[in-house]
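Step one of this worksheet: look at the structure below.
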Amino acid sequence: MPNNAIPRRVDNNPKTIDQIHKEVEKENQEKAFLSEQAQMQNKSQGGRGGRRGPPSGQMGGQAGPDGWNMVGAPRTPLKVDRSIDASKMKISRQNVDDSIQLRPGGGAGRFASWGRGTTRGTAGGRASMEKEKQQQNKAFANRFSALSKPEEDSSRRMGGSSPARGDSRGSRGGFGRPNLSMQLSQEQEREKAVAATKAIVANQHQEEYVSREGRGRGRVSSAEPRPTTVTPPPAVVPSNNAKLLPHDEMEKKTKAILDKYFQIHDVKEAQDCVKEISEVNHGHFVSSAMNHVLERSSQSRKLTGFLLHWLVKQQIISMDSYISGLLEVLEFAEDLENDIPKIWQYYGEMISPMIQDSSVPLSFLKTAVGPLSQTNKAGVLLAEILHDASHREGYKKVAGLWTSSGLTWSDFVSMNQIEQFLQDKGLEFTKGGDSAPSTPTTGLPILQISERLHELIVDKRLNNEAVFYWIESNVDEPTIKSKLFIRALMTAVLTSAIKGDKGKEKLEPKDLSARSDLLQAYLDHQPEFELEAMYALQELITHLEHPQGLLRGMFDILYDEDVIAEDVFLQWERSDEEPEGKGTALKQVVQFFKWLNEAEEDS
């Protein structure tokens, strides 16, 4: 660009793709216009005798004030777009054929053909023009080869037309004004510059893309060569050594393990599935499990709690991982309280299974629940945990575990509120002394125990905690471990779940399920105790004269709630003891044992 030229655009920012498209469209329109003008000029000059210019030595037009010969009709000045500043392009200069010039100079021999006018009509002239075309195209290709793509260069070499020399010079040796064909050559050179700009802009976009991808993924370093075309980034494939699973994948695994565990109640199989999960994901497994069953049934929550206790007890999941997962869900518990009003009760059902033996020290509660004391929710959650544990294990056992843990209520409730809090929540038994049931020194007669259990469970329908409290306060340990006590307790529980008049008795499944914790606490999953419970059931059904469907319904619930083990059912079926009513009872549960035997064979 000449030094005195004023560019239209003063900013140095790279052009956008839209700007380049608009410029190319404008270039094509101007090129079409110039081509049309060239065709009209050829027709006007070559209409007679096949010659464009006047004979050698004659002036073909008037001389202009600048000394150029004006050939033919006046032409419309060319509109040269100077929007592209070629000086701002970082183009390395390469070896260019100096024999190709677009201005006067270089000796008469170099431009001798200009004096002969156009030679397109002869074969020699065509060969000469073709040679000039190849030289000019070669020069342009060399000049912009640093910016142009190879396929673009070849297409321009094959499809582009070289400028032709047409008008002759005058007899005085003066060179004629460059005609329209030469101006087309300049236009082609400017088109090359546009293509070079396109390449620069595209390269800048590619550099930005690669740089951005390199920062985001860390997969492209600055030293790596960048491709000339933009390609979509490859999918990120996690390394085989990566142990931390994505959140969604961990939720799917947890859901699959729990749902299968709920169906078959096989804790060993669930344990094997959890073993396949790397240790770094155990905390996420705990939180995902609690979130999965938070708004499901009470049975699902308790089963999940028992499974987590088993995994911690068997050291499949560490205590640190368990607390980590627990803290993760409790962090948002208060925010969910408006949508789930019983959320503290639900979490209490899932955490309370940790309180059943000395395998898990209760001191973990200070770490897991303690942070909630800032919002006065620590005591609320802890009360739900202890009540649910007492509902299952009894006041006496829970009070003993609390005392041995070394925990104090000041860790969870303000000092000036402790007394009122314990009274409101019914947790005085945790203080020890007179508030906790003491071990009776003498046992009550079994008949009196049976009557009292019937009163508490059937007539007054007290909750399990109250029943636990009475038993631990009035029945000594040897009596609790006796078969007669097991039968008395089983009979009272089954009777509380039967409704209807004589001969029309029906089972209330919810009432029986609600007492499953009470039965499990004293049956203690001991086969001899469970078998005594089965005999008590047989005796009750026989006394009621075998109401239709009642025995089968009880079998289903006792099996589902894990009160009676599968082996004990089969043992009762084969047993010859207490034959009274046994044959009729077996006829009512034929389908149950058929299903049980088929499941046994499949397993």
Side-chain angles (χ1 to χ4, degrees), residues 298-299 302 342 345 348-349 352 383-399 422-430 434-440 442-477 479-502 504-524 529 532-533 536-537 539-541 543-544 547 550 553-554 557-558 561 563:
S298 177
Q299 181 185 9
K302 291 181 179 180
K342 294 185 178 181
Q345 175 186 337
E349 292 175 353
S352 73
E384 295 291 348
I385 295 172
L386 296 179
H387 274 300
D388 192 80
S390 299
H391 186 88
R392 184 183 64 256
E393 304 292 338
Y395 286 114
K396 186 176 180 180
K397 186 174 183 178
V398 173
L422 296 180
Q423 183 178 351
D424 294 341
K425 298 296 184 180
L427 295 171
E428 293 92 341
F429 67 90
T430 59
D434 297 336
S435 60
S438 59
T439 304
T442 58
L444 294 174
I446 192 61
L447 182 58
Q448 188 176 347
I449 293 174
S450 180
E451 291 176 353
R452 188 60 173 162
L453 288 175
H454 189 279
E455 179 184 356
L456 296 175
I457 298 174
V458 181
D459 298 336
K460 294 184 178 181
R461 309 188 72 82
L462 299 181
N463 59 30
N464 290 352
E465 290 178 88
V467 177
F468 272 123
Y469 190 86
W470 182 87
I471 294 174
E472 293 171 0
S473 301
N474 298 277
V475 182
D476 57 8
E477 191 71 19
T479 303
I480 290 177
K481 298 298 183 180
S482 66
K483 297 180 179 180
L484 293 178
F485 174 80
I486 297 297
R487 288 202 178 202
L489 177 63
M490 186 67 171
T491 302
V493 169
L494 295 175
T495 303
S496 68
I498 299 174
K499 301 294 186 292
D501 299 333
K502 181 67 174 178
K504 297 181 180 178
E505 294 87 347
K506 292 185 179 179
L507 177 67
E508 289 292 338
K510 292 183 179 179
D511 292 343
L512 182 54
S513 296
R515 302 292 184 181
S516 61
D517 290 337
L518 184 63
L519 294 174
Q520 287 179 353
Y522 292 106
L523 298 180
D524 197 24
F529 292 162
E532 287 298 325
L537 173 56
E539 182 180 359
L540 177 62
I541 292 296
H543 176 71
L544 296 176
L550 190 61
M554 290 180 174
I557 294 175
L558 294 173
E561 296 289 346
V563 175

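Model, not experiment: these values are computed from the prediction.
Within a 6.0 Å radius of CD in E539, other residues, nucleotides and ligands contribute 12 heavy atoms or fewer. Residue K499 places its NZ atom among more than 12 non-hydrogen atoms of other residues, nucleotides or ligands, all under 6.0 Å distant. Residue-environment remark: NZ (K502) exceeds the threshold of 12 foreign heavy atoms within 6.0 Å.
The heavy-atom pair separating R392 from A521 by the smallest distance is O-CB, 3.0 Å. T491 approaches A536 most closely through the heavy-atom pair OG1-CB, 4.0 Å. Closest of all the heavy-atom pairs between G348 and I385 is CA-CG1, 3.8 Å. When all heavy atoms of R452 and W470 are compared, the pair lying nearest together is CG-CZ2, 2.9 Å. Considering all non-hydrogen atoms of both residues, I480 and I486 come closest at O-CD1, 4.2 Å. Pairing each heavy atom of A389 with each of S352, the nearest pair is N-CB, 3.8 Å.
Exactly one of T479, D476, N474 qualifies for a side chain to side chain contact (heavy atoms under 4.5 Å, CB included) with L444. That residue is N474. Tested against M490, the residues L558, T495, L540 include a single side chain to side chain contact (heavy atoms under 4.5 Å, CB included) partner, L558.
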Report the C-alpha separation of R515 and S496 in whole Å, then their side-chain angles, then the decisive distance to 0.1 Å, and conclude whether the side chain to side chain donor-acceptor pair (under 3.5 Å) test is met. CA-CA 9 Å; R515 302 292 184 181; S496 68; 4.6 Å; no
Apply side-chain contact (heavy atoms from CB on, under 4.5 Å) to the pair L523 and L489, showing each step before the final yes or no. CA-CA 10 Å; L523 298 180; L489 177 63; over 6 Å; no
For side-chain contact (heavy atoms from CB on, under 4.5 Å), just list the numbers for S513 and Q299, CA-CA rounded to whole Å, side-chain angles, deciding distance to a tenth of an Å, and then say yes or no. CA-CA 9 Å; S513 296; Q299 181 185 9; over 6 Å; no
Checking M554 against I541 for the side-chain contact (heavy atoms from CB on, under 4.5 Å) test, could you report, in this order, the C-alpha distance in whole Å, the side-chain angles of both residues, the deciding distance, and whether it holds? CA-CA 10 Å; M554 290 180 174; I541 292 296; 4.3 Å; yes
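For the atom pair I498 CD1 and L507 CG, the distance stands at 7.0 Å (nearest 0.5 Å). Rounding to the nearest 0.5 Å gives a distance of 5.0 Å between CZ of F468 and OH of Y522. Going from atom CD of Q448 over to atom CG of L453 covers 11.0 Å, rounded to the nearest 0.5 Å. Taken to the nearest 0.5 Å, the CG atom of D501 stands 11.0 Å off from the NZ atom of K506. The line from CG of L422 to OG1 of T430 is 5.0 Å long, rounded to the nearest 0.5 Å. One finds the CD atom of Q423 at 6.0 Å from the CD atom of E428 (value rounded to the nearest 0.5 Å).
Under a 3.5 Å cut-off, the side chain of E472 and the backbone N or O of K396 do form a donor-acceptor pair. Judged by distance alone, the side chain of H387 and the main-chain N or O of K425 form a donor-acceptor pair under 3.5 Å. Of the possible donor and acceptor atoms, one in the side chain of S390 sits under 3.5 Å from a partner among the backbone N and O of L386. Between the side chain of N464 and the backbone N or O of A514, at least one donor-acceptor pair lies under 3.5 Å.
Between E508 and L512, every side-chain heavy-atom pair lies at or beyond the 4.5 Å cut-off.
Ion pairing between E532 and R487 holds under the 4.0 Å rule for side-chain N and carboxylate O.
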